[in-house]
Amino acid sequence: AAAKTASKAAPSETCFICNDIGFRRCLGNGPFLACSPNVQSRPPLRLALLIAATLAGPVVLTGSVRTGGGAQSRPAPVPTAPPVVSVPSQPAVTRLFPAERGRIRADGSVFRDENGGIWDWRGATMFMLPARFRRGEDITPQIRWMQKHGVNVARVFIAGTQGGSEFNEYIRPWEDKNFEIWLGAFFDRMAAEGLRVEATVFTSDDLDAATAKQVLQRVYNVASTRWNVFVEWFNEPWVGRRQALLDTLMTMGVDRKGVLSAYGIQPEREGEGYKPCPVLDYVTPHLPRDREGFPRNPKELMAIQSAVRVPAVNDEPLGVIDPARYRDWCDRGNSQWSNCANGGGARTTDRTALVSHFAICRLFGAGCTVHTQAGLEGRAPGPDEPLTESLMAAVSEVWRFIPADAQSGRYSAPHLGRFPLAWAGGDSLINHAYARIVGDRAFAVNPMPRRGWVAKGTDGWTTDGVMANSPFVVRLRRP
């Protein structure tokens, strides 16, 4: 009755906002918050649709209804019902960067915000976060963790079973009649927290093309009314028969409705560069995870962008793990780990390699996504994962030290001459160094430096700072 009354009063913008807990738990147990000034910016939820489609019994409603997008409110009808369940207060928000707002566009090899500035993708794997939200878990800890570390894009799976059999009900979530409702609510929750989402739709090939098109279109119908969603069609389409399914979908006229999208295709090597490949608005390569190449291979993003002419996001690099938590993961030497039980996966605990990788990615790509074992399971690291927490903090420091516009600078390397950093063969254990020059500033990386190496400027450049605990990431200036 309350839903029906509210819907008639303001069918287009009736707003009840749940107190930061899981979607189903909130709808089932209450309470709802009024649209008070401190939550006015949150996107409206369609109360009538949410309750009619989701609830099987009575619900307690408290608070007020916002109508027409303005500040006016009126009391919500409150039916006779049991007492409202209290909700504990949530931790304060600590942000490393400002909250995200507004739509993003692709412009050549960079993303730009609504003001025309270069926008940088600072991603984190959170594959099973929508699954946890859908089944009523409180996702606040994951959100606060991302905000604390400067993440602005959560890469999530719309379907899949990462993290074990506990997510088996999430294999085909689109079969849920409330699919659009909870998916939209999830996107809205992330938007309210100043976070964007990369929604990866398919993680397997066990459906026909007609069904796949229908599912993809339903995702776009939901995403297109939100400012904070990217859509990636497939995770790793080169696995199994996913590429064949993707090839068919490309011909079927899916309406993307203006949502920034990627197929998920991995550009192929061709000599010293890459072959052009089918693209939408950006590409999401998964760069190799080998020990030798990992510290420096984001340099490949420059060549990939040259071939495809759209932004390239290094979306699933070598992952991070706390081995003590996982008995099935084996030490392969040199801080490398793999899953002994099934022979798959690759993870690292090497801070220098990780910082080298993400610093170089900051110079040459539109963005990088931090891949962690915790994020694969859609959770924030626990107390028994101090390595994951420490390594994420190191990546956060890279994001703070190297600005977003560094990717637009002039490429420089020792072999090209006039490199701003004093550097000789042997200064890096992998014998490479890179820089981007932006006007009178330069940002340089000497990945995997030799012991005792100290950053010094040359050719008129002077050091203007080094990254704390990683002095091989350097800022330089010249008159």
Side-chain angles (χ1 to χ4, degrees), residues 40-43 69 93-124 126 143 146-156 184 186-200 220 222-232 256-262 279-285 298 301-302 304-305 308-315 358-359 361-370 395-410 436-439 441 443 475:
Q40 281 289 338
S41 63
R42 296 187 180 188
V93 179
T94 301
R95 297 184 187 276
L96 196 63
F97 291 91
E100 292 287 315
R101 290 289 182 266
R103 293 188 180 271
I104 300 300
R105 62 184 173 88
D107 178 20
S109 63
V110 302
F111 292 113
R112 295 193 183 276
D113 60 26
E114 290 183 332
N115 296 320
I118 292 178
W119 176 84
D120 57 324
W121 177 301
R122 305 183 304 273
M126 275 289 160
I143 288 171
M146 288 187 283
Q147 292 167 332
K148 178 179 74 171
H149 287 295
V151 171
N152 62 357
V153 182
R155 184 178 183 233
V156 306
F186 172 73
F187 292 156
D188 287 345
R189 172 67 197 278
M190 300 295 278
E193 298 285 0
L195 291 169
R196 300 183 191 274
V197 176
E198 182 183 47
T200 302
Y220 275 119
V222 176
S224 63
T225 59
R226 277 85 183 174
W227 57 264
N228 65 321
V229 183
F230 300 84
V231 172
E232 182 186 45
R256 295 186 285 125
K257 297 179 176 288
V259 177
L260 287 181
S261 305
V279 297
L280 294 174
D281 304 296
Y282 68 105
V283 291
T284 53
L301 297 174
M302 185 172 69
I304 289 172
Q305 290 177 155
V308 299
R309 306 294 182 182
V310 295
V313 174
N314 180 21
D315 223 11
F358 277 87
C361 185
R362 194 79 167 155
L363 299 182
F364 295 110
C368 269
T369 298
V370 182
V395 173
S396 300
E397 188 59 29
V398 170
W399 289 340
R400 292 179 64 186
F401 189 84
I402 301 177
D405 67 348
Q407 62 184 280
S408 67
R410 176 171 61 84
R436 285 282 200 182
I437 298 173
V438 187
R441 299 173 298 150
F443 299 90
R475 181 177 59 244

Identify, with sequence neighbours excluded, every residue that meets side-chain contact (heavy atoms from CB on, under 4.5 Å) alongside [X].
X      : answer
Arg441 : Pro403, Asp405, Val438, Phe443, Arg477
Phe401 : Met467, Val473, Arg475
Leu96  : Ser396, Arg400

- Query: Cut-off 3.5 Å, side chains only: do Trp121 and Glu198 have a donor facing an acceptor?
  - Reply: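 Result is no, nothing qualifies.
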Where [X] and [Y] come nearest, the two heavy atoms and their spacing:
X      : Y      : answer
Met146 : Ala154 : SD-CB, 3.7 Å
Ala199 : Phe187 : CB-CZ, 4.2 Å
Phe358 : Cys368 : CE2-CB, 3.5 Å
Thr284 : Ala262 : CG2-CB, 4.0 Å
Ile118 : Ser408 : CD1-CB, 3.6 Å

Got [X] and [Y] here, is their nearest side-chain heavy-atom distance under 4.5 Å?
X      : Y      : result
Gln407 : Leu301 : no
Asp120 : Arg362 : yes
Phe111 : Val313 : yes
Val229 : Arg196 : no
Arg226 : Val222 : yes
His149 : Val395 : no
Val310 : Val283 : yes
Met190 : Asn228 : yes

Would you compute the distance between atom [atom1] of [X] and atom [atom2] of [Y] and round it to the nearest 0.5 angstrom?
X      : Y      : atom1 : atom2 : answer
Lys257 : Thr225 : NZ    : OG1   : 9.5 Å
Glu232 : Leu260 : CD    : CG    : 13.0 Å
Ile402 : Cys361 : CD1   : SG    : 10.0 Å
Thr369 : Arg155 : OG1   : CZ    : 7.0 Å
Ser109 : Ile304 : OG    : CD1   : 12.5 Å

- Query: In terms of side-chain geometry, is the basic nitrogen of Arg256 or Asp281 positioned less than 4.0 Å from the acidic oxygen of its partner?
  - Reply: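 Salt bridge present between Arg256 and Asp281.
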- Message: Apply side chain to side chain contact (heavy atoms under 4.5 Å, CB included) to residues Ile104 and Asp113 and explain how you reach the verdict.
- Response: CA-CA 5 Å; Ile104 300 300; Asp113 60 26; 4.2 Å; yes
Check whether any side-chain N or O of [X] sits under 3.5 Å from a backbone N or O of [Y] as a donor-acceptor pair, and report yes or no.
X      : Y      : answer
Asn115 : Gly117 : no
Gln305 : Ala312 : yes
Asp107 : Val110 : no
Ser261 : Val259 : yes
Arg122 : Gly150 : yes
Asn152 : Pro98  : no
Arg436 : Gly409 : yes
Glu114 : Arg103 : yes
Asn314 : Pro298 : no

- Task: Return the orientation label for the Tyr282 and Phe230 ring planes: parallel under 30°, perpendicular over 60°, tilted otherwise.
- Result: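 Perpendicular: the ring planes of Tyr282 and Phe230 meet at over 60°.
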- Item | Trp119/Glu100 under side chain to side chain donor-acceptor pair (under 3.5 Å): CA gap, chis, key distance, verdict | CA-CA 10 Å; Trp119 176 84; Glu100 292 287 315; 2.7 Å; yes
- For Thr94 and Gln147, what are the C-alpha separation, side-chain angles and deciding distance, and is it a side chain to side chain contact (heavy atoms under 4.5 Å, CB included)? CA-CA 6 Å; Thr94 301; Gln147 292 167 332; over 6 Å; no
